[in-house]
Amino acid sequence: MRRVLFTVLSLWLAFGSARAQSATQLRFCLRSEPKTFNPLLVEEDSSDTVRYLTGGVLVRLNRKTQKLEPGLATDWKVSRDGRTIAFTLRPGLKFSDGTSFSAADVAYTVQQMMEPSLHSPIGDTFRSGEGATESKILAADKVAISFPAPVAGLDRLFDQVAIMSASSAKKEMAVLGPYYVSENHAGSYLMLERNPNYWRQDAAGRPLPYIDSIRLDIQQNRDLELLRLERGEIDLVNSIDPEYYEKLVKEKPALAHDAGPSLDSEHMWFNQVPTAAISDYKKAWFQSANFRRAVSEAINRQDLARIAFRGHARPAVGIVSPANQFWFNDKLRPHPFDQKSALQRLQKDGFRLHDGVLRDVNGHVVEFSIITNAGNRYRERMATMIQQDLAGVGMKVNVVTLDFPSLIERITRTFTYEACLLGLVNTDLDPASVMNVWLSSAENHQWSPGEKKPATAWEAEIDRLMRAQASTLDDHRRKQYFDRVQEIAWEQEPFIYLVTKNALSAISTSLSNAQPVVLRPQVFWNVDELKLAPEVAATR
Amino acid sequence: MQRLLRHAALILVTVLLGGLLGATLVRFSPAFGVDEAELDPRRSSASIESIRRAKGEERNIPAFYLHYLGRMAKGNLGTSRTLNRPVLELVVTRLPETVKSVILGLLVGWGAGLLLAIPIAMFRSWALDIAASTLAAILLCVPTAVFALLFVVLRTPGRLVIALIVFPKVFRYARNLLVKSALLPHVLTARAKGLGNLRVFARHILPNVAPQLSSLAGVSVSLAFTAAIPVEVLCDLPGIGQLAWKAALGRDLYLLVNLTMIITLITLMANCAADLARPQGARA
Amino acid sequence: MADRLLEIRISADYPNKPAVLDDCSLEIGRGEIVGLVGKSGCGKSTLSLALLGLLAWRGGQVRGSIRLNGRDLVGLSEGEMRKLRGREIALVLQSPMSALNPALKLGTQLHEAWKAHSSGSSEACNRAVGEALENVSLPQEPAFLQRYPSQISVGQAQRVLIAMAILHRPPLLIADEPTSALDIITQSEILELFSKVSRKLAMSILYISHDLLSLASISQRVAVMENGAIVECSPTMKIFRDPSHPYTRQLIRALPVIPQVFAAPAR
Amino acid sequence: MRRARQLATVFLLLVALASAAAGFLAPSGYAHQFRDTPDASPSRQHWLGTDDLGRDRFARLLYGTRVSLCLAPAAALLSSLLAALIGGVAGFCGGRLEQLVLAGTDLFLSLPWLFLLITIRALLPLNLPPVTSVVITFMLLGCLGWAVAARVICSDAHLLRNCDFILLARASGLGGWRLLVRHLLPNLMPIVYAQFWLSIPIFILTEANLGILGLGVSEPLPSWGTLLRDLESCSSMSHLWQFAPLLLLIAAVSCFHLLVVDREFPA
């Protein structure tokens, strides 16, 4: 009896290990639960990760070269007026559940995306003018989409549009990307299995992706995440904080990767809303370019980068990060730290420094508060350092940390704040994606949202330039316009850009082919080409 | 039986009132109905406007609450705005995690507390008494959140923090109670009869302190649940404590109201069970 | 006294406090009732606990010697001491209601006392309990044994305690102020009971009280304690007629009625 | 015990003295950033090293102690007074009112106060000096902390109500307000006093918990809570001096515990 049991056991073990050897699993962490699996409604990071791993797109932006590559479409063409794009689709493709893919699915996806009641954030980026969007199915593998007005950078926007099936019973869970969601243990982990119907093959004709499944653990605590990486329980951390990076460099330097300046920057701005409930004399300061420039010059950006970010950031130049190879205006330099020049600028506006206290023309002491979100250690540090820097030119600054909703309420509804320190996450390279920040009528024009008409001449000029670049198709002409926008913003500093953070990541040595870049998703952008070393695969 | 019913009615009323007050608190808190999505630069003005309108529901609190109670009677607890899922589902998936932590914490805390307190009372071991009392005194002085931070740094399971919170309270209370009871005349009589330590403890001390210990049990359950919030937030355990924290930060009306009611219910039930365990009239 | 049951010569103290018993010496003969008198706080109860080896539970320490039948009890281990308690030395405490465990039935407590030292059958146990109850004039029917301490009177409770103490017919019984919580009639009944039991079972009793009169009515000798030491120990008659120590004289003078005692100090 | 209590008092006085003399002991101040030496180890210039922004840890510790040691007793005073008022009146009047108040405390204890604290902080005016905002936070804690103490005081007042001397006072024609002020209040004072001492460590710990969760004192002012928050960033045990605030917190809170009269039984 015992012998039989033993035999059965060993057989089972052998079978089990054989199976483990053949199946490879990539593991990493999400910082929160994905809020939605509908690719059109994706807003936060976790859903975006799932969309990137599962969604099939018509064209794919190569995160490394920053150039477009064919995806589900083998060929595409934007019409001369910039309103229509025509795709030629790869033939014979199937969704993960076996439903076949055709031009009808593209038309369905676009129609869903542009549905006004859905409020798709991606849909908003396509909305350039009033009117309906039309999709024409020219053949089973040919489709043309026409927008009511020209859309700048139209082809690149499709990098974000994961195509959904018009007919599958599984709705958005039927996908065209390298993986599909097989299990969802809410709050704890997600399992993604290799999509057997994925279209890509490697040079040798082997079907991609190489890795059979992905396990996404939901893990908020970054300390624990790093610990699990060091233990080999997970294979990568997409973006890590400078402090953890430093720690990793000390303990396991082979795992740490610094891809240089990212697209993300930290900035502060003064409240310039004309109706805001703050004193008129303060409004007058904040609306003065001299005042803003003086504050900017009184801040030691080098120190911010060196101390607050442990050197893994660099002084920011302006709207566009140097990492954005095409759109960055390389004539601009970060504002230098120069308190003398700052005081001279202030004197032009009638401010006087006396006994370490700065007073304006009418004798009001210069004191204001900076709000930032509680719990973000880096912003709190920067605010505290700015507090000391500005004390050097006699300004008294109060740092107030607020929970995020309260902060948002103050900067978007009640406008009861004086200055705010926040960061901007850029997912897109094209200036079209920041239209809603720079147009003076936009809601995200944060220093003074929703202006009926531009409050200043330079805002009017930015409006004109932004509209001009949006309606131009030639990228070089667009860049000329946008360079000018960057210069005006550098000159006027409605946003005082502080630092550009580096893209830091951690990757297990067992993961090969990983080439971390600055664009999201930094580490697994080439997920279908990633490979796990065999010895690691064997132990799983 | 009547006593039980009265207790149940009182609990029900308190829980419902707690829910109403919680809802009012959330509704009139600053930044109610604000969504992070509004900061998405891709969003057009029209789309932001519509988000705001959608969030602007639930303005009238009594109407909301009545409507909510009506739906709750049908088993529908509403939908969480921040996590985009039904509250019932969230609670059902998160509650076991917290209950696991709390039970483990209580077991370990009570086990350690009693294991140390009983020998001290029964064998009058001075060295053990001083060592254990000092340990308990120190543990009592450390904020819960510091424990949680240290446990993360030291890579120890976060659940045990609850044990460290429960242990000193149980130990100090049980030690004092047992030492006092061990000196009572009837215990002396029992010893004078020549009974052994074990028997004296089991028959003459334990039954007499059981009601007081059970009331401590009630207190310790609510203590453990209170400790669960910072522990789960800082140690990243997906329980209802963490959920409550997220709900508070996200002004998640439905979620917060439900969690308030659940936590109130658990606390009151624990206290009530302890109350009922005590003999009638003994309550000062 | 040739036939000595108990010889004590001890000092006792609690940590960080002055000595409670200071070289206190006392002898008790077989079958003799010795009264111990002194004002409250002078160390009477400490002495009784020291005799039973229970002082350690209160955190106290004993030095000196306690000879019971020639055997020194001071150096004995807790286990050995436990075997003596209830079989060689028994204790009756002051307030019967708190000395009985309120949570257990009378019968349980009596049986438990029996089983602590005898492994006999339940029949033997019942017999012994019945006998003890009879000795203290309590009803022997099962219904009585089913009661809880809160369901009987104080006098009955004290009788139960005595019954429990004499269950194993110990040679020595220590009664620590057994009557001070009782009303005057019950008090005299219990006193009567003590002398009866002593005679019947040839049991020595150390009767501790602050009430000289009640004590005088049953004891053959009286020991007077002051500040942890026995200052005088003489036959009862002598204590009243010819007290030698000033403290004893003070005690006697404080009594409301002396003449009757002079006439008939002991029955 | 007495010795320990004296030691505790001396220690607390020393700590209070040191924090009062912070300006003298740590001339660099709590806010100045030595940007050339962030995260430094202890040296002669910086006894406990510097924090992540280069601020002197020793100075921050002293100033933080000042905040916690001054404000926790103030909050404790506020909450015990509230508790005495609510609990005392409820316990004394008894009946429906008492039940109502007890149910009220249950309800009060079950509300999401963490949430209230978050939102009230969000409502404060922005240009408040950090000192004012921390005072407001502590006063808020004081206003929220009465419920537990009120239960204890209520039950004590309830017991007192049935005491003989109150009966006597009533019998001699006293009533209402006079009874409350002359008889009840003096007898409630010890328990209120005990509650006051008992709640000081509770407020210190609450502030520390809030500080760690990021709801504490605003920059650059330190408190024990914000100092403990730095533990989060030290992910190794190599920098032992970073634990100084924790040790001081433990020492101070245990001293407060020692000073409190032992009243361990839960309310």
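Scope of the values below: all heavy atoms of this structure, side chains included, with no hydrogens, waters or symmetry mates. Numbers restart at 1 for each chain; the letters A, B, ... are given by sequence-line order, proteins then strands.
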Starting at [atom1] of [X], measure out to [atom2] of [Y] and round the result to the nearest 0.5 Å.
X	Y	atom1	atom2	result
Asn398(A)	Leu128(D)	CG	CG	8.0 Å
Asp52(D)	Arg377(A)	CG	CZ	7.0 Å
Arg306(A)	Asp36(D)	CZ	CG	6.0 Å
Asn127(D)	Lys282(A)	CG	NZ	4.5 Å
Asp403(A)	Leu117(D)	CG	CG	11.5 Å

For [X], which atoms come within 4.5 Å of any heavy atom of chain D: side chain, backbone, both, or neither?
X	answer
Tyr417(A)	both
Ile371(A)	side chain
Glu380(A)	side chain

Please report the closest heavy-atom contact between [X] and [Y], naming both atoms and the distance.
X	Y	result
Ala122(D)	Leu402(A)	CA-CD2, 3.7 Å
Arg55(D)	Thr384(A)	NH1-CG2, 3.5 Å
Arg229(D)	Gly375(A)	NH2-CA, 3.8 Å

* Would you say the side chain of Gln33(D) lies within less than 4.5 Å of the side chain of Ile307(A), judging by non-hydrogen atoms? ->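 Side-chain contact under 4.5 Å: no.
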Checklist entry - Is Glu246(A) close to Asp39(D) at the side-chain level, that is, under 4.5 Å between some pair of heavy atoms? => result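 Of all side-chain heavy-atom pairs linking Glu246(A) with Asp39(D), none is under 4.5 Å.
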For atom CZ of Arg314(A), decide whether the heavy atoms of other residues, nucleotides or ligands shown that lie under 6.0 angstrom number more than 12.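 At most 12 heavy atoms, drawn from other residues, nucleotides or ligands, come within 6.0 Å of this atom.
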- Query: With the threshold set at 4.0 Å, does a side-chain nitrogen-carboxylate oxygen contact exist between Arg35(D) and Asp389(A)?
  - Reply: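 Salt bridge flag = yes for Asp389(A) with Arg35(D).
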Legend entry - Interface moiety of Pro38(D) toward chain A, non-hydrogen atoms closer than 4.5 Å: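 For Pro38(D), the side chain is the part near chain A, not the backbone.
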Report task. Mind jotting down which residue pairs meet the salt bridge (charged side-chain N to carboxylate O under 4.0 Å, His left out) criterion with at least one end in residues 63-76 of chain D? Sequence neighbours excluded, please. Result ->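 Found none.
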Q.
Assess the residue pair Gln388(A) and Leu53(D) against the criterion (side-chain contact (heavy atoms from CB on, under 4.5 Å)); give the C-alpha distance rounded to whole Å, side-chain angles, the decisive distance to 0.1 Å, and a yes or no.
A. CA-CA 11 Å; Gln388(A) 179 165 321; Leu53(D) 292 181; over 6 Å; no
What residue in Glu367(A), Glu418(A), Met385(A) has the most heavy-atom pairs under 4.5 Å with chain D?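 Top count of heavy-atom pairs under 4.5 Å with chain D: Met385(A).
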